[in-house]
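Quick notes on the structure that follows.
Just so it is clear: chains get the letters A, B, ... in the order the sequence lines come, proteins before strands, and each one is counted from 1. Remember, it's a predicted structure, so these values are computed and weren't measured experimentally.
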Amino acid sequence: MDFKEHITDKLTELTGLDRETVSAAMETPPDEKLGDLAFPCFPLAKVMRKAPPLIAQELASKLSADDLIDKVDAVGGYLNFFFNRSVFISDTVSAAMDAGNSWGSADIGRGKTVLVEYSSPNIAKPFHIGHLFSTAIGNSLARIYKFLGYDVQSLNHLGDWGTQFGKLICAYKRWGDPEIIEKDPINELLKIYVKFHEEAEKDPSLEDEAREYFKKLEDGDEEATSLWKHFRDLSLVEFNRVYDMLGVKFDSYNGEAFYSDKMDEVVRLLDEKGLLVESEGAKVVDLSDMDMPPCIILKSDGATIYATRDIAAALYRHRTYSFYKNIYVVGLPQSLHFRQIFETMRRAGWEWSKDCVHVGFGLVKLPGKNMSTRHGDVIFLEDVLNESIEKTRAIIEKNNSAVDDIDAVSKKIGIGAVLYTFLKNSREKDIVFSWDTMLDFDGESAPYCMYGYARGKSILRRAEGIDYSKADLSKAVSDDAYTLVKQLAVFGDAVRDAAEKNEPFYVTRYVTNLVKLFNKFYNTNPIMREDVPEDVKKARLAIVDAVCTVIRSALALLGIDVVESM
RNA sequence: GCACCUGUAGCUCAGCUGGAUAGAGCACAAGAUUCCGAUUCUUGGUGCCGCAGGUUCGAAUCCUGUCAGGUGUGCCA
């Protein structure tokens, strides 16, 4: 039985308002002592020509307690409802236990395909800490949409094309040593790439040489192509090592190169629509009426540009997947670019362009400077993950914890901790990288959440043999149990909010609060102690079981694995 | 210049489709375990919600202006 619907029904009948209005007006009081659900009477004041507090009192006097509602209070202009705690706990916990891993999930996405483009590192460049932002958010969104029943395709739009490959080939031919590169590909390639930029400052003719190499690559020159493929293969091996650590999987690695032969059509289509105008030798789409600079489609030398490529990719995805949503998890600095290409696609008459959405995120900065691949100022993601894993291991060893497999456990906690710091705040905030905050396991953190889960599982292990599946949940009623179960009930809301806003951190906050309440619960409500009556024990165990399941589900949506003990 | 983002406690941030005394974590201080594992829990208090106007019964939240920081701004991605 849904408490909110029940109350909405009653109020709808009483006020004569339509159901939607009543339901939308309902809110949760700021303090639990005030009640579980509130109906503000302010909007009624105009219609009824009475003061809100008076209306609240009148309504309160006409409402009586029933099976679901314990009490109705008028406080100021608010009408506050108190649920029957026993019924609420029983209903919620048994529903959650029945649902198990699917608690909080939905099927609102059935038959709809959501594309999530994320991570998208550049070939032959290091996978640095900045890439984790896109990877963490994208992976989490993919999992969240799946949980809601959508068919999700994870797309890794690799940066595997463009003039930087000309530079790389140029640098390789001058300074590359195949043996060293074989051993440590990305570092070596980065080294010669940085060297290229240093040398090019002294000798600008290098840039021309690089352009020529890229031209060769575009023309299908055999040597250039085989080098390109070699770089790409080496890079993917390294990237996959990191993706494996993070538990990230993609359905497609079609990058920029894949679309390089699909752009002529885009140019033709845009031209047919009469969108292309000549400007300073280039072909552009004029967007000045939208306060935007023009979207360049063909450069003055006739070559295509990334806008063209991205439009070609969007068109390809529309044809291939007929998507419900096409999400780009790409840094905020590119928001103008996306506004331009989305608008261009809209003008091309592609109504599906409205389903394309740029999910931006802030910068990861180093104290005092920005990360720059060109200057080699980067922090490797793998180093951060390994550092975090080592720190975790040290803590476990110090605590002498009884852990079966310290390697696996340290890995899950260490990586979870790093992921958590990227998913704990709204994505548009910049992050200033610091080893201290990255490895801060105190307070709101992945280890905190994982510890709560491990404690819960520890209690359940002690309870082996006790059948609490048919426990009388009314025996578990207490303030802390009630608050906890209320949080249990709103998991699905948090997931839906996260999807609607494309903000994984709603789930992060949700699970952190759940764990907080759970810690309090088992601190104040003893479970396996001897003096706890059997029926109370069973009821509390049922709650612990349901909570553990939800902690695991929620963390999984963030890409974080739980551990049974730590 | 123009566009977008940000400005809330000492620090890092929630809250922003207007609503009841503005909340967390960190840091700081004091306490709790005859224990179901202390990576736990409890208790402490701090805010010109950048500033100024406006709309409203009511504004951290909406509108306008303004200041500060960041990002972007035609042939890189």
Can you sort out the partners of A:Lys262 under salt bridge (Lys or Arg N to Asp or Glu O under 4.0 Å), two or more places apart, ordered by chain and number?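 With sequence neighbours excluded, A:Lys262 shows a salt bridge (Lys or Arg N to Asp or Glu O under 4.0 Å) to no residue whatsoever.
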Are there any protein N/O atoms within less than 3.5 Å of an N/O atom in nucleotides 5-12 of chain B, and if so, which ones and at what distance?
{"from": "B:C5", "atom 1": "O3'", "to": "A:Glu428", "atom 2": "OE1", "distance (Å)": "3.2"}
{"from": "B:U6", "atom 1": "O3'", "to": "A:Lys429", "atom 2": "NZ", "distance (Å)": "3.3"}
{"from": "B:G7", "atom 1": "OP1", "to": "A:Lys429", "atom 2": "NZ", "distance (Å)": "3.4"}

Of the listed nucleotides ([options]), which one gets closest to any side-chain atom of [X]?
{"X": "A:Arg455", "options": "B:C41, B:A20, B:G37", "result": "B:G37"}
{"X": "A:Tyr306", "options": "B:G15, B:A77, B:A38", "result": "B:A77"}
{"X": "A:Pro294", "options": "B:G74, B:U40, B:A20", "result": "B:G74"}
{"X": "A:Arg461", "options": "B:G37, B:G70, B:A14", "result": "B:G37"}
{"X": "A:Asn399", "options": "B:U39, B:A77, B:G25", "result": "B:U39"}
{"X": "A:Ile305", "options": "B:C75, B:G15, B:A38", "result": "B:C75"}

Set of side chain to side chain contact (heavy atoms under 4.5 Å, CB included) partners for A:Asp405, sequence neighbours left out: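 Expected list: A:Asp407, A:Ala408.
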Once you apply a heavy-atom cut-off of 4.0 Å, does A:Asn80 come out as touching a base, just sugar-phosphate, or nothing?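 Base contact.
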With a 4.0 Å cut-off on heavy atoms, is A:Ala454 in touch with a base, just the backbone sugar-phosphate, or nothing at all?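 It contacts base atoms.
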base_contact_polar (B:G74 base, A:Ser279 side chain, donor-acceptor, <3.5 Å):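 Yes, a donor-acceptor pair under 3.5 Å.
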Quiz item: A:Thr163 side-chain donor-acceptor pair to B:C76 base, under 3.5 Å: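 No.
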Mutual orientation of the aromatic rings belonging to A:Tyr328 and A:Phe342 [parallel < 30°, tilted 30-60°, perpendicular > 60°]: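 Answer is tilted, since the angle falls between 30° and 60°.
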Plane angle bin for A:His128 and A:His131 - parallel if under 30°, tilted between 30 and 60°, otherwise perpendicular: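 Answer is tilted, since the angle falls between 30° and 60°.
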Mind checking side chain to side chain donor-acceptor pair (under 3.5 Å) for [X] and listing every partner two or more places apart, or none if nothing turns up?
{"X": "A:Arg339", "value": "none"}
{"X": "A:Tyr259", "value": "none"}
{"X": "A:Asn519", "value": "A:Tyr448, A:Tyr522"}
{"X": "A:Arg232", "value": "A:Asp160"}

What is the separation between atom [atom1] on [X] and atom [atom2] on [N], rounded to the nearest whole Å?
{"X": "A:Arg339", "N": "B:U71", "atom1": "CZ", "atom2": "P", "result": "18 Å"}
{"X": "A:Leu276", "N": "B:G74", "atom1": "CG", "atom2": "P", "result": "19 Å"}
{"X": "A:Ile396", "N": "B:U39", "atom1": "CD1", "atom2": "P", "result": "11 Å"}
{"X": "A:Phe521", "N": "B:U42", "atom1": "CZ", "atom2": "C1'", "result": "18 Å"}
{"X": "A:Ile551", "N": "B:U40", "atom1": "CD1", "atom2": "C1'", "result": "13 Å"}
{"X": "A:Phe42", "N": "B:U56", "atom1": "CZ", "atom2": "P", "result": "18 Å"}

With rounding to the closest Å, how many angstrom separate the [atom1] atoms on [N] and [M]?
{"N": "B:C5", "M": "B:U42", "atom1": "C1'", "result": "40 Å"}
{"N": "B:U73", "M": "B:C13", "atom1": "C1'", "result": "30 Å"}
{"N": "B:A59", "M": "B:A22", "atom1": "P", "result": "13 Å"}
{"N": "B:U6", "M": "B:U43", "atom1": "C1'", "result": "35 Å"}
{"N": "B:G7", "M": "B:A14", "atom1": "P", "result": "7 Å"}
{"N": "B:G50", "M": "B:U61", "atom1": "P", "result": "8 Å"}

How close do A:Gly138 and A:Tyr118 get, counting heavy atoms only, and between which atoms?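 Here A:Gly138 and A:Tyr118 meet closest at CA-CG, 3.4 Å.
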Sort and list the pairs that fulfil ring-ring contact (aromatic ring centres under 6.0 Å, His included) and have at least one residue in residues 22-54 of chain A, not counting sequence neighbours.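 Qualifying pairs, neighbours excluded: A:Phe42-A:Tyr78.
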Cationic N near anionic O, under 4.0 Å, [X] to [Y]:
{"X": "A:Glu212", "Y": "A:Lys215", "result": "no"}
{"X": "A:Arg509", "Y": "A:Glu444", "result": "no"}
{"X": "A:Asp493", "Y": "A:Lys4", "result": "no"}

Could you write nucleotides 26-34 of chain B as a row of B, S and -, 5' to 3', where a protein heavy atom under 4.0 Å of any base atom gives B, of only sugar-phosphate atoms gives S, and otherwise -? SS-------
side-chain hydrogen bond (donor to acceptor under 3.5 Å, both in side chains): pairs with one or both residues in residues 293-316 of chain A, sequence neighbours excluded: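 For residues 293-316 of chain A: A:Asp310-A:His337.
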For a stem of at least 3 consecutive Watson-Crick or G-U pairs with distances under 3.5 Å, i pairing with j, i+1 with j-1 and so on, which stems involve RNA chain B?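 The stems are B:1-7 with B:67-73, B:10-13 with B:23-26, B:28-32 with B:40-44, B:50-54 with B:62-66.
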Would one find a side-chain N or O of A:Tyr510 under 4.0 angstrom from OP1 or OP2 of B:A14?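 So the side-chain polar atoms of A:Tyr510 never come under 4.0 Å of the phosphate oxygens OP1 or OP2 of B:A14.
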Examine B:G74: is either OP1 or OP2 under 4.0 Å from a nitrogen or oxygen in the side chain of A:Lys283? Give yes or no.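 Result: no.
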Ring centres of A:Tyr510 and A:Phe491 under 6.0 Å apart?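 When the ring centroids of A:Tyr510 and A:Phe491 are compared, they turn out to be within the sub-6.0 Å range.
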Near RNA chain B, under 4.0 Å by heavy atom, which residues of residues 27-37 of chain A?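 A:Pro29, A:Pro30, A:Asp31, in order of number.
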